[in-house]
*Asks:* 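The structure that follows is given in the form of structure tokens.
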Amino acid sequence: MKKLLFSLLTLSMALVITGCKDGNKDGKRLLMVTEATFPPYEYRDDNGDISGIDPEIIREVARRNNMDVVIEDMKFNSVIAAVQTGKADVAASGITVTEERKQMVDFTIPYVSAAQVILVKKGAVIARVDDIRGKRVGVQHGTTGDTYVTEKYQEPERFDNAALVVAALNAGKIDAAVLDDAPAKVFLQENPGLKKLDEPLTEEFYAFAISKERKDLLEMFNRTMQEMRADGTLDEIIKRNMEKEISPPVNREDLPWWGKVKYDFRKNFIAGKRYMYLARGFVITLEVAGASVVLGVLIGFLIAIIRSTADQTGKLKFADMLCKVYLTVIRGTPVVVQLLIIYFVIFGAFDVDKVLVAILAFGLNSGAYVAEIIRGGIMSIDRGQMEAGRSLGLSYNKTMALVIVPQALKNVLPALGNEFIVLLKETSVAGFIALEDLTKAGDIIRSQTYNAFMPLVAVALVYLAVVMLFSYLLTIVEKRLKKNE
Ligand code: ARG
């Protein structure tokens, strides 16, 4: 027995180890970080996807090297730190090459030249660059515009993105906005009340930033970018995006409260068809919960019969013992752990459908609770009924099936309904095995929109609606059963 246990343990450990190795083998992913309110370099298109010159170049570089790009949107003053600390592979965010930044990261060959320009309201007193001295100047936090104004003039007003700087200028909160030339052009299109000063503040060029520890990656970028320059791809991408009509990002902050709600709603559910995550997740949650409740009831029923039979007749002793072990183990450990064990240990070496794994895990788990519910129901039926049945000449099995069980089931119906409600919500941990159920769907949206409120509330409302509908159906069934009496 001990030997058997030991070999089972080693076997499962071996499976875990192979399972883990399998999960990590994608080294072909290129994580790009950016701040995506900077058209035409990076911005969210109508689908909510990040488009523009930078993502296009990076995608092409990756494509030519058989890699997949994942883009993460963050504050501009974090993008360089993200590659420096190894959290990301490349920062592509209209980043100006500067001496200070070169101390922290490596830069690829530059791909475009740019300038910091000044926007003011038409008819403003500021006519030349030096006129911004002593004025309220707005910049995007952490940009070269920020550094330049701070060092050469005075403390500027720092905003999280260029769109906010322009909005502040429009609202008269600042006298001048400093930003990069190409984005300034996009913002000017939609703000006819603003104009650009002819004289630029600085001249600069952009490159991608890569960790100093990743010389191989830097080399790969430079080689591919040179290729793309030689075959015209680089210029084509830049020219096409520069000429494209892009509507500048809206400023959520400038909207009235209902406008903000509408904006968030669009962003979280409509843009990029994100509602599809919820729809697909909902179906998976129902599938898993529905199938596992059936499995659970089957298992539970079987166990309850075995155990009460053993109890009343003294037969089935061995089966009874097995049932007890099952109940103890299942009820004594968290369902997430069981799910993980089934997925990584038991099926670690096979490629099984995650939905099936989840159904199995939740069904096995629920079975233990259902077993006790049903057993409780059977025990609640007066012993006299069994005796009566037997003395009428019915066998033990017949009495069980015709007299005891039907009554028991009716008695435990509310408890079973409750079990389904618990189970439905418990499936929300399915995301642990990367199954995209309803909860995970909300989480995916949250990770894309950086908005916790809308996706989480939406997910909660869907669960609530299902539970309410189910409870309602259950009361109807109960009423019917009562009538039948
Ligand atoms: N070129 C400027 C800099 O490097 C501003 C870049 C801002 N980029 C952005 N994606 N918001 O400091």
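Indexing begins at 1, ligand by ligand and atom by atom, following the structure's order. Sequence positions, counted from 1, serve as the residue numbers for this chain.
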*Asks:* Can you list, by chain and residue number, every protein residue with a non-hydrogen atom closer than 4.0 Å to ligand 1?
*Replies:* Glu35, Phe38, Glu42, Phe76, Ser93, Gly94, Ile95, Thr96, Arg101, Gln116, Gln140, Thr143, Thr144, Asp180, Glu204, Tyr206
*Asks:* Side chains of Asp160 and Gln140 only: does a donor on one sit below 3.5 Å from an acceptor on the other?
*Replies:* no
*Asks:* Just checking, any donor-acceptor pair under 3.5 angstrom between side chains of Thr98 and Glu100?
*Replies:* no
*Asks:* Are Arg280 and Tyr277 in a cation-pi setup, meaning NZ or CZ lies under 6.0 angstrom from the ring centre and within 45 degrees of the ring axis?
*Replies:* yes
*Asks:* Ignoring hydrogens and geometry beyond distance, is a side-chain donor-acceptor pair present between Asp180 and Tyr41 at under 3.5 Å?
*Replies:* no
*Asks:* With distance as the sole criterion, is a donor-acceptor pair present between the side chains of Glu204 and Thr144 under 3.5 Å?
*Replies:* yes
*Asks:* Can any side-chain N or O of Glu157 pair as donor or acceptor with the backbone N or O of Ile174 at less than 3.5 Å?
*Replies:* no
